[in-house]
Participant: 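This is the structure I want to talk about, given as structure tokens.
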Amino acid sequence: MTIAITGGIGSGKSFVCNSLAERGIRVYDCDAAAKRLMRTSVRLQQALSLLVGAQLYVDGALQKAVLAQFLLSSEENKQAVNAIVHPVVAEDFLASGYEWFESAILFESRFQQRVHCDYVVCVIAPEETRVQRIMQRDGISREKALEWIRRQMPQEEVARRSDFIVVNDGQADVSEQLDRIFQIIKNKEKK
């Protein structure tokens, strides 16, 4: 069984993943994996260098500023990088033995088309809570935090496409919500 955890920036996906880890469930982090693979996969480095240019890697080290400039210069560039990186991340996940993975941009990246998901769990939080979390975590302005939120698919749309919703507003009991999800999945698997 494969279960995806998704949700917009600042929704509290990491908290939910940590709650799962406390239950002994390992969650594959797609974003961390992409960063790791861009540093370690020769195949990925070669493909990205052909796309972005030889200046992307200097002495084998990824030049993050060069990549960021390329990504931000156009939507086409972003899609081209994703088309190279996401298949490698999907392969890595499938080889990992993990059943759960976390992807903030599951639907935007169409990652669920590369990796079959039996269930998708969406983590949501009120926009103001998300803004405060992002500002605190990244030390950025309110305007920048809102800009980052607006760059992603609207939370309501992500939730609509998901099988389950976990409200992580700092007040709702996340553990209780996870218990309900596990119970529903268990009941469905019995049928």
Participant: Do the side chain of Ser162 and the main chain of Val121 share a donor and acceptor less than 3.5 angstrom apart?
Facilitator: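 No.
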
Participant: Regarding Glu143 and Arg150, does a basic nitrogen lie under 4.0 Å from an acidic carboxylate oxygen?
Facilitator: no

Participant: How long is the straight-line distance from CG of Asp173 back to CZ of Arg180, given to the nearest 0.5 Å?
Facilitator: 8.5 Å

Participant: Are any of the side-chain nitrogens in Lys144 or Asp138 under 4.0 Å away from the carboxylate oxygens of its partner?
Facilitator: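 Salt bridge flag = no for Asp138 with Lys144.
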
Participant: Enter the distance from Ile134:CD1 to Trp148:CH2 here, rounded to the nearest 0.5 Å.
Facilitator: 7.5 Å

Participant: Could I get the full list of ring-ring contact (aromatic ring centres under 6.0 Å, His included) partners for Phe93, not counting sequence neighbours?
Facilitator: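 Residues passing ring-ring contact (aromatic ring centres under 6.0 Å, His included) with Phe93: Tyr28, Phe101.
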
Participant: So, taking the atom named CE in Met38 and the one named NZ in Lys64, what distance separates them when rounded to the nearest 0.5 Å?
Facilitator: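 Met38 atom CE to Lys64 atom NZ measures 9.0 Å (nearest 0.5 Å).
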
Participant: Under the 3.5 angstrom rule, does the side chain of Glu102 hit a backbone N or O of Ser14 as a donor-acceptor pair?
Facilitator: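 Side chain of Glu102 to backbone of Ser14: no pair is present.
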
Participant: Measuring from Asn82:CG to Lys78:NZ, what's the distance to the nearest 0.5 Å?
Facilitator: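 Going from the CG atom of Asn82 to the NZ atom of Lys78 covers 6.5 Å.
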
Participant: Are any side-chain N or O atoms of Gln63 and backbone N or O atoms of Ala61, one a donor and one an acceptor, separated by less than 3.5 Å?
Facilitator: yes

Participant: Is the backbone of Gly7 close enough, under 3.5 Å, to the side chain of Gln155 for a donor and an acceptor to pair up by distance?
Facilitator: no

Participant: Count I, L, V, M, F, W, Y as connected when their side-chain heavy atoms are under 4.5 Å apart, and connections chain through other members. Are Val123 and Phe107 then in the same cluster?
Facilitator: no

Participant: Any Lys/Arg nitrogen of Glu156 or Arg160 sitting under 4.0 Å from an Asp/Glu carboxylate oxygen of the other?
Facilitator: no

Participant: Return yes if some donor-acceptor pair links the side-chain N/O of Ser73 with the main-chain N/O of Phe70 below 3.5 Å, else return no.
Facilitator: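 Between the backbone of Phe70 and the side chain of Ser73 there is a qualifying donor-acceptor contact (under 3.5 Å).
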
Participant: Should Asp179 and Arg23 count as an ion pair when the cut-off is N to O under 4.0 Å?
Facilitator: yes

Participant: Would you say Ile84 and Val66 are hydrophobically clustered, going by side-chain heavy atoms of ILVMFWY under 4.5 Å?
Facilitator: yes

Participant: Where the side chain of Arg130 meets the backbone of Ile149, is there a donor-acceptor pair that is under 3.5 Å apart?
Facilitator: no

Participant: Between Asn77 (side chain) and Leu71 (backbone), is there a donor-acceptor pair under 3.5 Å?
Facilitator: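 Not confirmed, Asn77 side chain does not pair with Leu71 backbone.
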
Participant: Between Glu91 and Arg43, does any side-chain N to carboxylate O distance fall below 4.0 Å?
Facilitator: yes

Participant: Atom CZ of Arg133 and atom CG of Asn168: how far apart are they, to the nearest 0.5 Å?
Facilitator: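 One gets 4.5 Å once the value is rounded to the nearest 0.5 Å.
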
Participant: Rounded to the nearest 0.5 Å, how far apart are CG of Asp169 and CD of Glu128?
Facilitator: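 With rounding to 0.5 Å, CG (Asp169) is 13.0 Å from CD (Glu128).
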
Participant: Any ion pair linking Arg151 and Glu108 (charged N to carboxylate O, less than 4.0 Å)?
Facilitator: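 So Glu108 does not pair with Arg151 through a salt bridge.
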
Participant: Would you sort out whether Gln136 and Gln132 count as a side-chain hydrogen bond (donor to acceptor under 3.5 Å, both in side chains), showing the intermediate values?
Facilitator: CA-CA 6 Å; Gln136 190 172 20; Gln132 293 302 319; over 6 Å; no

